[in-house]
Protein chains: 2
Amino acid sequence: MTQTAFRSGCPINLGLEMFGDKWTLLIIRDMMFAGKRHFREFLASDEAISSNILSDRLAMLVGAGIVTRAGDPSHKLKAIYSLTEKGIDLLPIIAQISRWSRSYMPVDPVLAATGEARDKGGPGAIEAQMAELRRVHLGEG
Amino acid sequence: MTQTAFRSGCPINLGLEMFGDKWTLLIIRDMMFAGKRHFREFLASDEAISSNILSDRLAMLVGAGIVTRAGDPSHKLKAIYSLTEKGIDLLPIIAQISRWSRSYMPVDPVLAATGEARDKGGPGAIEAQMAELRRVHLGEG
DNA sequence: CGCAAGTGCTTGCATTTTGCAATCAATGGA
DNA sequence: TCCATTGATTGCAAAATGCAAGCACTTGCG
């Protein structure tokens with residue numbers, strides 16, 4: 001079982017097979033907007049992900065090349081999770097989900113603020129945030 | 001059980017609670033790109049959704065105001081599903097998922113063509129497609 | 001009329017995934 | 001030594017999914 005077969009080669013379907021669930025993109029969100037990098041930090045989200053699901057999703061994301069896992073030099077038990085370029089490139093999707101929800105769902109105004117600022121910043125705001133993520137997660141140049 | 005409680009008021013989370021699964025956006029995709037409007041048409045997708053899941057998702061989408069259901073004048077048993085503005089506004093999300101998958105997943109070139117054309121058409125291409133969906137699904141002007 | 005094909009589903013049941021609480025071994029700081 | 005912290009794992013109940021069949025009804029055709 002090196003590679004599972006996909007239901008179809010449709011781009012939408014392939015994306016959904018990768019992150020089409022209720023948790024995966026929340027982990028990415030926490031890495032992008034909350035600066036979370038450690039297992040226990042992800043566990044502490046508002047949505048209360050369970051540790052077994054988190055463990056499963058992190059392993060999947062690492063296996064898919066969306067996230068990398070490295071040891072923390074300061075603590076041998078500590079793992080640091082970082083976004084890859086493939087992961088950082090999920091930001092436009094997340095930004096669109098945010099935009100849609102802010103139009104049609106009962107969002108918390110406080111939590112919606114960052115998305116509103118991003119929309120107000122125009123197309124350059126997303127690119128700027130991606131550049132910042134590259135700096136933090138892919139190492140400075 | 002009129003309204004389930006949400007896990008959090010975060011825009012990303014609320015979006016995922018609505019369509020964060022492996023099937024919902026595929027139904028929307030079929031309405032947007034394949035012109036499907038009938039139950040049996042959705043059943044015939046490449047990904048082979050089962051009828052009970054399809055039934056569940058269509059009811060959810062109607063309940064959420066993303067899709068409407070109407071009887072077909074030509075056939076009393078026939079139901080026509082239409083996108084609402086709320087549903088049509090999912091197109092930018094789907095377009096971004098398509099873009100990401102075409103960059104990082106083994107997409108079928110034939111199925112990727114429409115997404116590539118849309119990207120090549122620039123920002124106006126999405127708006128044009130949304131306008132066309134409004135014409136077909138929300139009634140002509 | 002009689003009957004097959006087509007309509008949107010529903011029902012049972014096995015399998016898989018999720019949710020939740022408890023637990024674990026290893027580490028580091030005191 | 002003592003104990004909180006680390007990234008998980010385990011066991012088990014509940015929910016979701018997948019699959020095959022079936023259902024009530026309508027339409028079209030002879």
Side-chain angles (χ1 to χ4, degrees), chain A residues 1 4-8 13 16-28 30-31 34-64 66-83, chain B residues 1 4-8 13 16-27 30-31 34-64 67-83:
Chain A
M1 57 117 156
T4 53
F6 295 115
R7 300 181 300 187
S8 85
N13 174 64
L16 292 177
E17 290 207 45
M18 182 63 66
F19 49 76
D21 72 275
K22 305 214 180 299
W23 293 113
T24 301
L25 288 184
L26 288 188
I27 298 173
I28 304 296
D30 283 348
M31 297 185 80
K36 298 186 182 178
R37 310 290 292 269
H38 301 293
F39 194 91
R40 299 266 169 173
E41 292 178 316
F42 296 122
L43 268 189
S45 69
D46 283 350
E47 294 86 8
I49 190 172
S50 341
S51 60
N52 53 350
I53 311 268
L54 174 59
S55 184
D56 178 86
R57 292 304 189 281
L58 283 172
M60 184 275 287
L61 287 169
V62 169
I66 292 173
V67 159
T68 56
R69 191 198 130 111
D72 187 324
S74 77
H75 195 307
K76 284 187 180 172
L77 283 183
K78 232 170 180 174
I80 301 186
Y81 294 94
S82 303
L83 290 166
Chain B
M1 56 113 155
T4 52
F6 295 115
R7 299 181 300 187
S8 86
N13 175 64
L16 292 176
E17 292 206 45
M18 182 62 67
F19 48 76
D21 71 274
K22 304 215 179 301
W23 292 113
T24 301
L25 287 184
L26 287 188
I27 298 173
D30 282 348
M31 296 186 81
K36 298 186 181 179
R37 309 291 291 269
H38 302 293
F39 194 91
R40 300 262 173 177
E41 291 178 317
F42 297 122
L43 269 190
S45 70
D46 283 350
E47 295 85 9
I49 190 172
S50 7
S51 61
N52 53 351
I53 310 268
L54 174 59
S55 183
D56 178 85
R57 293 304 189 281
L58 282 173
M60 184 274 287
L61 287 169
V62 169
V67 158
T68 57
R69 189 198 131 110
D72 186 324
S74 78
H75 194 307
K76 284 186 181 170
L77 283 183
K78 231 171 183 173
I80 301 187
Y81 293 94
S82 303
L83 290 166

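Note that the structure is predicted; figures quoted are calculated from it, not measured. Each chain gets a letter, A, B and so on, in the order its sequence line appears, and its residues count up from 1.
For the OP1/OP2 pair of D:dT9 and a distance below 4.0 Å, the side-chain nitrogens and oxygens of A:S55 include at least one atom meeting the criterion. Side-chain N/O atoms of A:W23 include none lying less than 4.0 angstrom from OP1 or OP2 on C:dT17. A:R57 has a side-chain polar atom (N or O) that falls below the 4.0 Å cut-off from OP1 or OP2 of C:dT18. Between C:dT7 and B:H38, no contact under 4.0 Å exists linking OP1 or OP2 to a side-chain N or O.
Regarding A:L43, its CG atom lies at a distance of 13 Å from the P atom of C:dA21, rounded to whole Å. Between B:L77 atom CG and D:dT26 atom P the separation is 6 Å, expressed in whole Å. As a whole-Å value, the separation of A:F39 CZ from D:dT9 P is 8 Å. Rounded to whole angstrom, the span from the CG atom of A:L54 across to the P atom of C:dT17 amounts to 18 Å. Between A:R37 atom CZ and D:dT5 atom P the separation is 22 Å, expressed in whole Å. To the nearest angstrom, C1' of C:dT16 lies 12 Å from CG of A:D56. Atom CD of B:E47 and atom P of D:dT17 are 16 Å apart (whole Å). Protein atom CZ of A:R69 is 14 Å distant from nucleotide atom P of D:dT6, rounded to whole Å.
A heavy-atom distance below 4.5 Å is not found between the side chains of A:F19 and A:I28. A heavy-atom distance below 4.5 Å is found between the side chains of A:I27 and A:I49.
With hydrogens and angles ignored, a donor-acceptor pair closer than 3.5 Å exists between the side chain of A:S51 and the base of D:dT9.
Side chain of A:N13 to backbone of A:S8: a donor-acceptor contact under 3.5 angstrom is found.
Between B:R37 and B:D72 there is no salt bridge, since none of the side-chain N atoms of the basic residue sits less than 4.0 Å from a carboxylate O of the acidic one.
Across all strands, B:D72 comes closer than 4.0 Å to no nucleic acid atom at all (heavy-atom distances).
Nearest to the side chain of B:R40, among D:dT6, D:dG18, C:dT7, sits C:dT7. With distances taken from any side-chain atom of B:K78 to the nucleotides D:dT26, D:dG7, C:dT7, the minimum falls on C:dT7.
Each of A:S50 and B:N52 lies near DNA chain C, and the nucleotide nearest B:N52 is the one positioned closer to the 5' end. Residues B:K22 and A:I80 both approach DNA chain D. Their nearest nucleotides, taken by heavy-atom distance, put A:I80 toward the 5′ side. Mapping A:S74 and A:A48 onto DNA chain C by nearest heavy atom places A:A48 closer to the 5' end of the strand.
Of all non-hydrogen atoms in A:M60 and A:M18, the two that sit nearest each other are CE-O, 3.5 Å.
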